[in-house]
Each structure stands twice: as C-alpha cells, then as structure tokens.
Amino acid sequence: MTLVYSTETGRIKPEAPSIERPKGDGIVRIHKETKGRKGKGVSIIKGLDLDDAPLKLLAAELKKSCGCGGSIKDGHIEIQGEMRDKIKQLLEKKGYTVKLAGS
C-alpha cells in the first residue's frame with residue numbers, strides 16, 4: 001500500500017522518475033527502419049550525446065536540409081525516408097564520427 005493522504009502535508013504526489021539517457025561511445029549510428037511503419041522507411045540517428053534543446057535544433061536542421069519531416073523519440077532523431085547518406089555527410093561536416101548501421 002502507498003500513502004495517498006497525510007494530515008501533515010495533504011495529498012502526496014508520487015515522484016516522477018527521472019529519465020536518464022545512456023551515454024554513447026562517441027559514434028553516431030544511422031539506422032534504417034521500416035518495421036511497424038507500413039513499409040515506409042525512416043532513418044534513425046542514435047548515439048548523439050545532446051540535451052533536449054540542442055537535439056531539437058539539430059533535428060530541425062537535418063529536416064530542413066533533407067527536405068522532409070521527422071521527430072525526436074527517446075533521445076533519437078527520426079527522419080522520414082531513406083536519407084542516410086545525406087545525413088552522414090551533414091553530421092560529418094559538424095565533426096561527428098558517423099557509421100551506417102543495418103542494411
């Protein structure tokens with residue numbers, strides 16, 4: 001049983017668990033995924049050790065240069081379409097070590 005109400009403090013709210021991203025090995029990996037997307041492919045960029053604000057800025061820059069949509073989920077950037085080669089070139093210009101993962 002969990003304590004829900006106390007006469008001393010009133011309602012007790014459960015503490016929100018802090019979400020901590022795993023640290024990468026310094027290599028950015030670009031995956032291609034079609035599973036669960038009705039055959040449409042997306043490029044998923046993993047291994048970026050960035051906070052939320054810089055990650056959003058990088059995602060916006062990548063979407064703009066690729067000319068397509070995308071999103072951020074669980075600290076990974078998802079870009080619509082098969083854009084792995086273009087994304088690799090853009091990230092290497094920014095100084096990242098990039099590998100194409102998967103087939």
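This is a predicted model, so every value here is computed, not measured.
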Please report the closest heavy-atom contact between Val28 and Gly47, naming both atoms and the distance.
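Smallest heavy-atom distance, with atoms named: CG2-O, 4.2 Å.
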
Of all the heavy-atom pairs spanning Ile87 and Ser43, show the shortest one and how long it is.
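Reported closest heavy-atom pair: CD1-CB, 3.9 Å.
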
Report yes if the side chains of [X] and [Y] come closer than 4.5 Å at any heavy-atom pair, otherwise no.
X	Y	result
Leu100	Lys88	yes
Leu58	Ile77	yes
Lys32	Glu82	yes

Distance, nearest 0.5 Å, that separates [atom1] of [X] from [atom2] of [Y]:
X	Y	atom1	atom2	answer
Arg29	Leu48	CZ	CG	11.5 Å
Met83	Leu62	CE	CG	11.0 Å
Ile30	Arg84	CD1	CZ	8.0 Å
Ile72	His76	CD1	NE2	11.5 Å

If the condition is side chain to side chain contact (heavy atoms under 4.5 Å, CB included), which residues does Lys73 pass it with, not counting sequence neighbours?
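Expected list: Ser71, Glu78.
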
Electrostatic pair Glu61:Lys63 at N-O distance under 4.0 angstrom
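Looking at Glu61 and Lys63, the cut-off is not met.
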
According to side chain to side chain donor-acceptor pair (under 3.5 Å), who are the partners of Lys64, at least two apart in sequence or on a separate chain?
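Result, side chain to side chain donor-acceptor pair (under 3.5 Å) vs Lys64: none returned.
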
Is Val98 reachable from Leu55 through a run of I, L, V, M, F, W or Y residues, each pair having side-chain heavy atoms under 4.5 Å apart?
yes

Going only through I, L, V, M, F, W and Y residues with side-chain contacts under 4.5 Å, is there a path from Leu50 to Ile79?
yes

Applying side-chain contact (heavy atoms from CB on, under 4.5 Å) to Leu91 and Ile45, what does each step give before you reach the verdict?
CA-CA 10 Å; Leu91 290 175; Ile45 304 159; 4.1 Å; yes

